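Just so we're clear, the structure is a prediction, and the values are computed from it rather than from any experiment. All chains are named by letter (A, B, ...) in the order of the sequence lines, taking the proteins before the strands, and each is independently numbered beginning at 1.
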There are 4 protein chains.
Amino acid sequence: MADNSFGTLFNVTSFGESHGPGIGCIVDGVPPNLPLSEALIQPYLDRRRPGTSKFVTQRQEDDQVEILSGIFDGKTTGTPIALLIRNKDQRSKDYGEIANQFRPGHADYTYQMKYRNRDYRGGGRSSARETAVRVAAGAIADLFLKAVLGDAYQVRGMVTQIGPHAIDRSKIDWDERQNNPFFCADAATAKEWETYLDGVRKSGSSAGAILEIVADGVPVGLGQPIYGKLDGELAAAMMSINAAKGVEIGGGFALSAIDGSVASDEMRAGDNLETPRFLSNQAGGILGGISTSQQIVVRVAIKPTSSILTPRRSIDRDNQNVVVVTKGRHDPCVGIRGVPVAEAMMSLVLADLLMRHKAQCGFNL
Amino acid sequence: MADNSFGTLFNVTSFGESHGPGIGCIVDGVPPNLPLSEALIQPYLDRRRPGTSKFVTQRQEDDQVEILSGIFDGKTTGTPIALLIRNKDQRSKDYGEIANQFRPGHADYTYQMKYRNRDYRGGGRSSARETAVRVAAGAIADLFLKAVLGDAYQVRGMVTQIGPHAIDRSKIDWDERQNNPFFCADAATAKEWETYLDGVRKSGSSAGAILEIVADGVPVGLGQPIYGKLDGELAAAMMSINAAKGVEIGGGFALSAIDGSVASDEMRAGDNLETPRFLSNQAGGILGGISTSQQIVVRVAIKPTSSILTPRRSIDRDNQNVVVVTKGRHDPCVGIRGVPVAEAMMSLVLADLLMRHKAQCGFNL
Amino acid sequence: MADNSFGTLFNVTSFGESHGPGIGCIVDGVPPNLPLSEALIQPYLDRRRPGTSKFVTQRQEDDQVEILSGIFDGKTTGTPIALLIRNKDQRSKDYGEIANQFRPGHADYTYQMKYRNRDYRGGGRSSARETAVRVAAGAIADLFLKAVLGDAYQVRGMVTQIGPHAIDRSKIDWDERQNNPFFCADAATAKEWETYLDGVRKSGSSAGAILEIVADGVPVGLGQPIYGKLDGELAAAMMSINAAKGVEIGGGFALSAIDGSVASDEMRAGDNLETPRFLSNQAGGILGGISTSQQIVVRVAIKPTSSILTPRRSIDRDNQNVVVVTKGRHDPCVGIRGVPVAEAMMSLVLADLLMRHKAQCGFNL
Amino acid sequence: MADNSFGTLFNVTSFGESHGPGIGCIVDGVPPNLPLSEALIQPYLDRRRPGTSKFVTQRQEDDQVEILSGIFDGKTTGTPIALLIRNKDQRSKDYGEIANQFRPGHADYTYQMKYRNRDYRGGGRSSARETAVRVAAGAIADLFLKAVLGDAYQVRGMVTQIGPHAIDRSKIDWDERQNNPFFCADAATAKEWETYLDGVRKSGSSAGAILEIVADGVPVGLGQPIYGKLDGELAAAMMSINAAKGVEIGGGFALSAIDGSVASDEMRAGDNLETPRFLSNQAGGILGGISTSQQIVVRVAIKPTSSILTPRRSIDRDNQNVVVVTKGRHDPCVGIRGVPVAEAMMSLVLADLLMRHKAQCGFNL
């Protein structure tokens with residue numbers, strides 16, 4: 001994978017810093033004749049938009065996307081689609097202090113040491129602001145997948161844990177997600193998180209989260225062997241999200257502790273060979289790196305936001321000890337807005353692998 | 001990432017099936033003038049070799065590697081290095097039965113549906129046999145890293161959990177690993193695992209495991225932004241290992257549950273800016289996708305071996321219900337031999353990122 | 001090579017159509033700390049700009065480039081640099097007629113058949129307008145090469161033939177190029193071309209050209225073996241230019257006809273091994289795909305502009321015979337403005353190979 | 001393009017030196033269910049085999065290919081296909097002398113300077129021996145294309161010029177090629193070349209050549225925009241062949257000199273839109289980088305073999321002037337055996353672009 005580029009055939013190359021003129025990307029390789037417009041992309045961006053509740057950053061960005069190329073007559077032409085989102089609410093003065101100091105848990109130190117020239121304003125390139133671009137690109141991937149796979153296909157994400165508080169899985173109701181600012185699929189849990197996060201926010205700290213992204217309606221066969229495995233691509237995709245520190249598929253880490261006689265999913269004949277009945281889904285819909293037609297299930301661990309009001313020990317560019325107090329506007333739990341981002345990454349992976357599958361297995365031999 | 005190719009600059013393309021003539025790879029892009037020979041690679045392969053204890057497959061393979069190109073005068077020439085390991089102990093008759101049946105938890109069903117022509121003998125391409133190639137390629141990466149980074153650099157792996165039995169982390173002694181067949185860093189835990197695995201084996205079942213791979217002596221600066229992040233590359237690398245279902249960096253999933261005030265690692269001035277003192281290592285040595293100079297820490301969850309003697313329900317190629325009993329020779333805990341494989345993947349990732357870093361940041365501007 | 005992306009490490013991904021909102025690119029992988037600004041790029045673009053003489057298209061575009069990312073404090077940061085040039089003088093009404101007809105020699109027919117949705121306005125993506133982006137990206141490559149290789153390094157291009165009229169090579173004076181609108185290195189030849197092209201223009205026809213691009217100060221060692229050869233990369237780069245139909249290196253096609261005893265360049269010892277004295281340059285500065293330290297010499301054949309006023313036979317989208325008369329504004333000899341484009345492609349190839357060389361051979365082993 | 005790897009989806013990575021244990025490649029991405037065996041590949045290799053006439057090298061190699069992976073039940077499985085050809089007739093003593101000297105026109109100097117460790121035996125990696133691998137890989141590509149495109153599809157190559165002696169194009173009879181050792185499509189011209197080359201050989205010199213490769217039956221639509229153009233890919237492919245110094249498509253360099261009114265190919269309606277009637281083929285079957293359904297025509301200029309018996313001036317590794325006399329066995333005209341190699345490269349390019357086209361445009365949107 002190239003530095004700022006993702007996907008082999010459905011390829012996204014992104015650019016932009018938190019406080020520069022704008023962020024955006026080029027989506028190359030999109031099949032032609034897919035209906036596409038700014039209006040079709042915008043709803044995806046609106047789900048990730050900052051400033052919508054007190055539990056996310058108060059930065060005000062309307063995240064209006066402009067399509068610069070690749071569309072004609074309301075449909076894709078097969079040529080690269082460039083997307084541009086202008087930055088609007090940059091308050092660079094908020095960050096002047098960190099020009100010379102390295103905030104613990106942030107990329108300040110590593111960017112400075114690697115590149116020797118660092119755009120420190122709002123984290124520069126390492127800011128979560130970059131993820132808006134992924135959501136826009138992921139929207140195109142999602143629209144493409146829907147067009148090809150039909151209504152059975154959908155990607156959905158939720159937060160399943162904030163801090164130490166996990167959702168009660170027996171109560172998951174996907175529709176509940178839109179009723180709270182946490183992408184939480186259970187109203188009672190959402191209430192609990194609200195209380196918890198209020199406390200975290202007031203104490204000047206932050207919280208981590210676990211996200212779960214699932215895809216329905218993915219046919220058997222997506223994923224390429226060894227280094228192009230569906231699970232490998234998903235892991236890379238999810239781990240590229242800011243603050244992600246862990247990824248698991250299906251049963252994940254818990255599989256390590258259970259017995260082999262229950263760890264793999266038994267099968268029974270379905271209507272046809274394409275859709276067998278699996279008696280469980282420990283595999284998270286992936287065997288040998290290839291989709292099984294079951295639900296694809298991925299979970300992502302997001303660490304607590306590193307920007308907190310509590311003073312923390314660090315060093316500066318002169319190798320002197322300092323105490324850093326992070327001001328600026330931040331998400332107390334950056335995992336929340338990670339949901340639409342992780343959904344987008346899932347869509348991008350699936351779109352790419354669908355095209356790679358078509359390329360290799362789409363001939364009648 | 002291409003299907004069977006790994007790495008942008010330090011590039012490995014592998015081939016081979018469990019019961020075909022042989023397995024191997026081409027390692028392209030290796031810097032010239034690195035001392036290299038079969039004798040230097042072989043010790044790495046010997047650590048992964050099957051048939052060495054009753055806790056791994058009884059298949060007898062001496063895994064002798066032949067270098068076919070790229071070496072002159074005992075050193076690399078900068079041209080591609082081809083490695084070949086002939087298969088010797090294929091007992092294809094063991095597998096006749098599964099030609100038409102899909103073993104639960106294996107790639108049989110997905111390969112059949114995707115490709116319509118499947119080398120079912122020993123799992124074909126999806127067999128863990130393929131990982132010998134990675135170990136051989138990883139050996140070259142490791143030798144390269146040692147040559148450049150010096151003695152402070154090393155990659156080490158261990159098993160930290162088998163089934164429900166985790167190692168007591170306070171007792172970790174890396175040297176202990178060579179005294180038991182589990183890559184276990186604690187003698188008492190190794191005893192416990194021996195008893196446990198004996199039971200698992202006799203009951204006709206299998207066990208999962210968690211691996212931990214750490215790298216010391218990695219300088220600050222390795223990793224490229226966004227999609228070439230060190231953690232993203234590691235996640236893809238580890239998840240490409242057979243039976244891997246989860247990956248985490250540093251604090252990993254546990255970070256989701258702890259407070260932001262302890263989740264990020266505070267810093268104090270060290271001798272110079274290249275080697276600050278971190279007061280903890282929740283980040284696993286990576287911030288913003290770039291190495292911090294701390295120890296790199298990755299954990300991998302390996303599911304229990306899917307090949308077990310216990311009969312299991314499945315279907316066959318005619319979409320009929322069947323009961324599958326897996327014979328053949330198998331690892332009761334495939335995670336054990338995963339250690340040298342995961343070490344190799346770590347080395348491959350680091351070698352590639354070291355070269356990418358040199359390419360971009362090695363100029364005096 | 002990806003569809004709209006060029007270069008392995010110094011990587012350019014471009015977008016944009018002739019009559020869309022704008023054109024641009026993302027340049028990823030640029031080393032950090034290179035001084036860069038719009039003002040530094042603009043002079044390169046000005047050399048390619050349309051509307052500057054009667055021998056090029058009369059379309060008025062000021063081709064002002066905006067840098068959207070990747071620069072801080074006047075220098076590159078190592079993160080992707082996005083460039084945007086807004087289109088201004090689109091006269092889409094000029095092209096309404098060709099929505100349904102295929103202009104001979106143009107990409108109308110092939111784009112329509114491949115993609116089924118074609119932005120026919122001004123040739124859409126296949127327009128030479130796209131090459132402005134390459135010039136902008138090439139400017140960055142050139143500045144990078146200058147910073148690393150010093151003053152000895154330069155890339156220069158000229159037109160050596162227009163229609164049947166070739167330059168007298170004994171009279172080449174590079175400085176003369178700026179005194180005429182043809183990038184012609186000889187005043188007398190420029191006069192001849194002026195007369196010839198006036199005639200061509202008035203007759204409603206067009207002329208082809210041959211370009212020659214040379215690079216001085218390229219050190220020995222750039223180019224990777226077999227499929228990353230310097231000549232292979234140059235050939236791909238030059239052939240990707242609109243209307244290019246041939247590429248040759250050094251002696252090129254003429255080498256086929258001469259004797260082996262004069263076709264290869266003899267060598268004599270120079271001051272050191274890095275700079276031998278070659279007694280000729282039939283090789284065009286490249287042996288075995290790797291630069292020799294001699295001048296790199298490439299020639300590119302450009303076919304006559306396909307847009308001419310003379311009526312031509314063709315078909316339309318209903319598979320009916322038609323006669324096409326191309327209106328709109330066009331270059332009577334598209335090869336002229338090809339010079340800065342071909343220079344840019346040379347710079348991009350060299351920058352990429354310099355980085356690839358550094359990555360592989362920059363370690364002290 | 002990676003150093004020793006070719007193709008995005010139909011991907012070939014090659015290895016091997018002239019005098020090492022063997023040469024070979026991994027062909028990754030081949031669609032499954034293509035009938036394949038050593039017997040199907042061998043005839044392609046036999047056309048390139050050395051030692052078959054006095055006009056090619058007298059080195060005796062039977063070039064038997066072994067398939068190491070990727071085939072089951074006589075058909076491809078979709079997994080990587082590794083091919084191995086053992087070297088047999090290495091006479092390394094022939095080359096002892098050039099360990100320290102740089103043969104003019106060869107890669108000796110550049111490899112030495114770039115890598116500092118050079119396998120000088122027979123040219124090592126830069127030897128034309130490497131091209132056997134391309135022919136083997138190209139065979140698979142050709143078989144794939146035939147399987148998909150049917151009997152109308154074929155790739156054919158010939159030599160059209162040796163030294164100053166060009167074929168009379170009015171007398172071209174493709175079937176005549178097998179009656180002479182020159183891939184010459186005219187008996188009279190073959191006689192002329194025989195006399196000429198006899199003289200060249202006896203005088204201790206060598207001759208250049210021009211090759212022409214054409215593909216029939218390629219449907220409209222292959223080729224990707226801008227940097228994945230069919231002509232760009234062909235140029236890179238052909239220029240990667242040893243001793244190639246020029247490439248042209250269709251009318252090529254001659255187009256530069258003719259009038260725009262005859263340079264582009266007029267069209268008339270055919271039976272359907274997929275197969276229009278073109279009134280000429282100046283474009284060589286490619287417009288805008290995409291195939292037109294006309295015959296694809298490429299020509300390649302091959303310089304005279306640099307290994308000649310005539311003493312030549314050069315330098316050695318101590319930067320001393322020397323006179324080099326090349327012994328060993330060499331092709332007096334390396335262009336001859338370039339024909340099957342160039343055919344193979346054409347097949348590889350087309351197979352890759354067919355798959356890329358399928359990936360992007362194979363969906364019903």
Q: Name the option with the most non-hydrogen atom pairs under 4.5 Å to chain C; the candidates are D:Ala207, D:Ser126, D:Gly270, D:Gly335.
A: D:Gly270
(Q) Quick check for you: among D:Thr110, D:Ile258, D:Val12, D:Val220, which has the greatest number of heavy-atom pairs under 4.5 Å with chain C? (A) D:Thr110
Q) Contact part of C:Arg116 toward chain D, heavy-atom cut-off under 4.5 Å: side chain, backbone, both or neither? A) side chain
Q. Where does D:Asn117 contact chain C at under 4.5 Å (heavy atoms): side chain, backbone, both or neither?
A. neither
Q. At a heavy-atom separation under 4.5 Å, does D:Val298 approach chain C through its side chain, its backbone, both, or neither?
A. neither
Q: Return the option, out of D:Ala243, D:Ser291, D:Gly288, D:Ser206, with the maximum number of heavy-atom pairs under 4.5 Å with chain C.
A: D:Ser206
(Q) So does C:Leu234 get a backbone contact from the side chain of C:Asp231, meaning a donor-acceptor N/O pair under 3.5 Å? (A) no
Q) Quick one: what part of C:Val324 sits under 4.5 Å from any heavy atom of chain D, side chain, backbone, both or neither? A) neither
Q: Would you please test D:Arg356 and D:Glu233 for salt bridge (Lys or Arg N to Asp or Glu O under 4.0 Å) and show each step?
A: CA-CA 13 Å; D:Arg356 288 159 77 175; D:Glu233 299 278 338; 3.4 Å; yes
Q) Given a strict heavy-atom distance threshold of 4.5 Å, which part of C:Ile308 is in contact with chain D: side chain, backbone, both, or neither? A) side chain
Q: Give, as side chain, backbone, both or neither, the part of C:Asp316 having an atom under 4.5 angstrom from any heavy atom of chain D.
A: backbone
Q) With respect to chain C, which residue among D:Ser293, D:Ala254, D:Ser205, D:Ala283 yields the maximal number of heavy-atom pairs within a distance under 4.5 Å? A) D:Ser205
Q) Does a side-chain N-to-carboxylate-O contact under 4.0 Å join C:Arg118 and C:Asp108? A) yes
Q.
Is it the case that the side chain of C:Asp265 and the backbone of C:Gln282 share a donor-acceptor pair, with hydrogens and angles ignored and the cut-off at 3.5 Å?
A. yes
Q.
Quick one, D:Arg312 and D:Val323 - any side-chain contact, counting heavy atoms below 4.5 Å?
A. no
Q: Side chain from CB out, backbone as N, CA, C, O: work out which of these in C:Thr131 comes under 4.5 Å of a heavy atom of chain D, or both, or neither.
A: neither
Q.
Taking side chain as everything from C-beta outward and backbone as N, CA, C, O, which of these in C:Leu279 sits under 4.5 Å from a heavy atom of chain D? Side chain, backbone, both or neither.
A. side chain
